[in-house]
Amino acid sequence: MVDHDRLMEKCHAAMDFASRQVRALIEAHPDFFPMYTQGGKWRHEGEAWTNWCEGFLGGQMWILYGHTGSPYWRRQAEHYARLVEHRKTDRTVHDLGFLFWSTWKRWYDLTQDPAVNEVVIEAGKTLALRFKEKGRYLRSFVADDSLFIDIMMNVGIIYYAAQQTSDLDLRRIAGEHCLTTRRTLVRGDGSTAHEGIFDLETGEFLRQSTHQGWRGDSAWARGLTWALYGFGTAYQFSEDVRFLQTAELCANFYIEHTPPHGVPPNDWDEPSPAHPYESSAAAIAASGLFNLAKLTGDPARARMYRDYALQVLDTLTGPEFLANETPGWEGVLRHGMYHERKGLGVDESVMWGDYFFLEAVNKALGHE
Ligand code: GLY
């Protein structure tokens with residue numbers, strides 16, 4: 001059982017530490033968007049694979065501004081949001097939710113400025129252009145025949161654009177994408193596949209596959225947490241109870257298959273993994289579970305999700321994961337994993353891990 005008062009102290013300390021780390025990063029490397037550390041350092045020549053992380057640095061600044069009220073963080077948050085504005089028409093990636101929900105949507109929530117909202121809406125409309133009518137999914141960045149579980153974390157911005165503009169076709173696209181993902185990538189036990197491959201001529205679903213997990217039929221941890229969180233968001237917008245059930249199925253898989261400390265390996269099915277932890281998945285799960293606790297109609301399950309999220313944060317704010325006792329480490333959260341097969345960001349800090357960790361800490365502190 002987590003000591004609640006002690007955890008709240010650890011959450012405040014984690015916010016203070018993150019504020020120092022982010023400030024040190026942007027003062028040393030202004031306007032630079034790192035994705036993962038190498039040996040704990042953000043600046044290196046390692047490849048990106050794809051460009052999906054540029055919202056998470058500014059996103060941390062919006063959270064830090066909300067936490068501190070400091071004009072410094074407000075200035076930086078607006079500046080780093082403006083640096084990604086041009087991506088609202090980027091048709092090369094499936095990640096516009098990641099880019100704009102963490103930055104411009106937080107800005108709009110704070111200000112209600114219609115010009116800021118327009119940017120979020122345009123990003124949502126751009127993302128919807130990836131929809132493949134035959135297979136009824138938003139295609140991933142790798143190929144037309146590919147659907148990623150990760151897109152569940154981005155489809156919310158299409159629902160949002162649909163809601164703001166009363167565009168029924170945008171709403172249809174978002175809903176069909178979620179139903180296709182649920183049918184093809186979420187398994188009966190609540191585990192998820194990373195990728196689905198489709199026949200482009202007929203739209204037929206062919207097989208499950210993976211890039212960052214162990215095998216096509218295995219359970220890549222981060223992908224499952226994208227589903228846990230993303231199906232919850234889809235339910236919030238659509239009120240389609242099938243999406244809430246799916247989010248809860250994924251949550252139950254996570255809780256049943258993860259050690260009591262709450263941090264999974266990169267893939268639950270990989271025998272004897274070289275690294276025991278994927279801390280970014282734990283941070284995403286914690287944040288998604290705080291959401292599910294509010295969405296589920298069942299008080300016992302709500303308590304269980306919230307208690308579990310607090311347990312995860314108790315672990316992540318400890319010295320094994322929070323880098324505050326690791327001299328010279330530039331990230332916030334240690335033991336994250338980006339792309340093990342490619343050797344990118346293996347047992348390092350990852351920018352989205354730091355972002356979702358701060359988001360979860362913020363929720364534990366009652367700020368969102
Ligand atoms: N490409 C998104 C992820 O690594 O989870």
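Start at 1 and go down the list; that is how both ligands and their atoms are numbered.
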Test ring-ring contact (aromatic ring centres under 6.0 Å, His included) applied to Trp101 and Phe56, step by step: CA-CA 9 Å; Trp101 207 255; Phe56 297 129; over 10 Å; no
For ligand 1, the portion of Trp52 having any non-hydrogen atom under 4.0 Å away: side chain
For ligand 1, which atoms, with element, lie under 4.0 Å from some heavy atom of Gln212? 3 (C), 4 (O)
Donor-acceptor contact below 3.5 Å, side chain Lys132 vs main chain Arg139: no
Could you tell me whether the side chains of Asp314 and His261 share a donor-acceptor contact shorter than 3.5 Å? no
Purely on distance, is any nitrogen or oxygen of Trp226 under 3.5 Å from one on ligand 1? yes
Subset of ligand 1 atoms that lie under 4.0 Å from at least one heavy atom of Tyr338: 4 (O)
Aromatic ring proximity, centroids under 6.0 angstrom, His94 and Tyr137: no
If you count the atoms of ligand 1 from 1 in the order shown, which ones are under 4.0 Å from a heavy atom of Arg222? 3 (C), 4 (O), 5 (O)
With respect to Trp49, determine whether any N or O atom, backbone or side chain, lies less than 3.5 Å from an N or O atom of ligand 1. no
Using the six-membered ring wherever Trp is involved, compare the ring planes of His257 and Trp268 and label them parallel, tilted or perpendicular (cut-offs 30° and 60°). perpendicular
Please determine if Trp220 has a nitrogen or oxygen closer than 3.5 Å to a nitrogen or oxygen of ligand 1. no
Run the numbers for me: atoms of ligand 1, each under 4.0 Å from some heavy atom of Asp150, listed by number. 1 (N), 2 (C), 3 (C), 5 (O)
Aromatic ring centroids of His211 and Trp49 under 6.0 Å? yes
